[in-house]
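Below, all heavy atoms of this structure are taken into account, side chains as well, without hydrogens, waters or symmetry copies.
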Amino acid sequence: MIIHAIREHIDVFTITRKCTVSGKFFFRLSKGGLVLATSRKYSTELRLSKGIDEIMRSVSEAETLDFSVDELIFPEEEVAAL
């Protein structure tokens with residue numbers, strides 16, 4: 001599973017910093033030229049750097065939400081509160 005590989009071996013993946021034409025910053029996670037993930041957009045380079053740092057610190061214990069299956073991810077009471 002790719003998520004397990006990222007968690008266990010983040011150091012073998014490439015993080016590439018990018019900028020949109022409108023000046024927003026984001027990064028892509030890739031391996032062997034294949035883009036596996038694209039981050040949210042950040043308003044400054046500093047926030048981008050902080051976002052990357054946070055991911056590097058917490059990737060090994062981060063919670064995973066799998067939306068690829070047709071199951072209810074959030075309990076009913078959380079959905080109702082939204």
Side-chain angles (χ1 to χ4, degrees):
M1 172 182 249
I2 193 68
I3 294 172
H4 178 75
I6 293 170
R7 279 191 168 152
E8 299 296 319
H9 307 285
I10 189 69
D11 54 312
V12 300
F13 292 85
T14 302
I15 294 178
T16 306
R17 295 166 184 249
K18 299 281 191 175
C19 185
T20 67
V21 293
S22 63
K24 299 287 184 182
F25 301 92
F26 66 100
F27 66 89
R28 289 192 172 137
L29 181 73
S30 62
K31 175 126 169 86
L34 177 65
V35 175
L36 303 168
T38 300
S39 75
R40 59 170 285 225
K41 305 299 186 283
Y42 296 90
S43 57
T44 67
E45 286 186 82
L46 178 59
R47 288 185 178 183
L48 171 66
S49 292
K50 287 182 177 185
I52 292 170
D53 291 345
E54 178 64 26
I55 286 170
M56 298 303 285
R57 272 194 313 277
S58 63
V59 70
S60 64
E61 62 265 350
E63 179 182 10
T64 302
L65 297 176
D66 185 354
F67 293 100
S68 65
V69 292
D70 190 22
E71 294 179 14
L72 184 62
I73 301 295
F74 302 103
E76 288 296 324
E77 58 273 4
E78 288 184 27
V79 173
L82 297 176

Legend entry - R40 charged N/C atom sitting above Y42 aromatic ring, 6.0 Å / 45°: yes
Inset, instruction - Using the test side chain to side chain contact (heavy atoms under 4.5 Å, CB included), find all partners of S58 that sit at least two apart in sequence or belong to another chain. - result: E54, E61
Legend entry - Distance in Å, F25 CZ paired with T44 OG1, rounded so as to fall on 0.5 Å steps: 7.0 Å
Inset, instruction - State, yes or no, whether a side-chain contact exists between I55 and R57 at a heavy-atom distance under 4.5 Å. - result: no
Legend entry - Donor-acceptor pair, side chain of S39 and main chain of F26, under 3.5 angstrom: no
Inset, instruction - Could you walk me through whether C19 and K24 pass the side chain to side chain contact (heavy atoms under 4.5 Å, CB included) test, one step at a time? - result: CA-CA 6 Å; C19 185; K24 299 287 184 182; over 6 Å; no
Legend entry - Atom pair CZ (R47) and CD1 (I52), whose distance is rounded to the nearest 0.5 Å: 14.5 Å
Inset, instruction - Output the distance between atom CD1 (I6) and atom CG (L29), rounded to the nearest 0.5 Å. - result: 5.0 Å
Inset, instruction - Take I15 and M56 through the test side chain to side chain contact (heavy atoms under 4.5 Å, CB included) and record every step on the way to the result. - result: CA-CA 10 Å; I15 294 178; M56 298 303 285; 3.8 Å; yes
Inset, instruction - With rounding to the nearest 0.5 Å, note down the distance linking CD1 in I2 to CG in L34. - result: 8.0 Å
Legend entry - hydrophobic_cluster_shared for V12 and I3, side chain cutoff 4.5 Å: yes
Inset, instruction - Run the numbers on V35 and T16 for side chain to side chain contact (heavy atoms under 4.5 Å, CB included), then give the verdict. - result: CA-CA 10 Å; V35 175; T16 306; over 6 Å; no
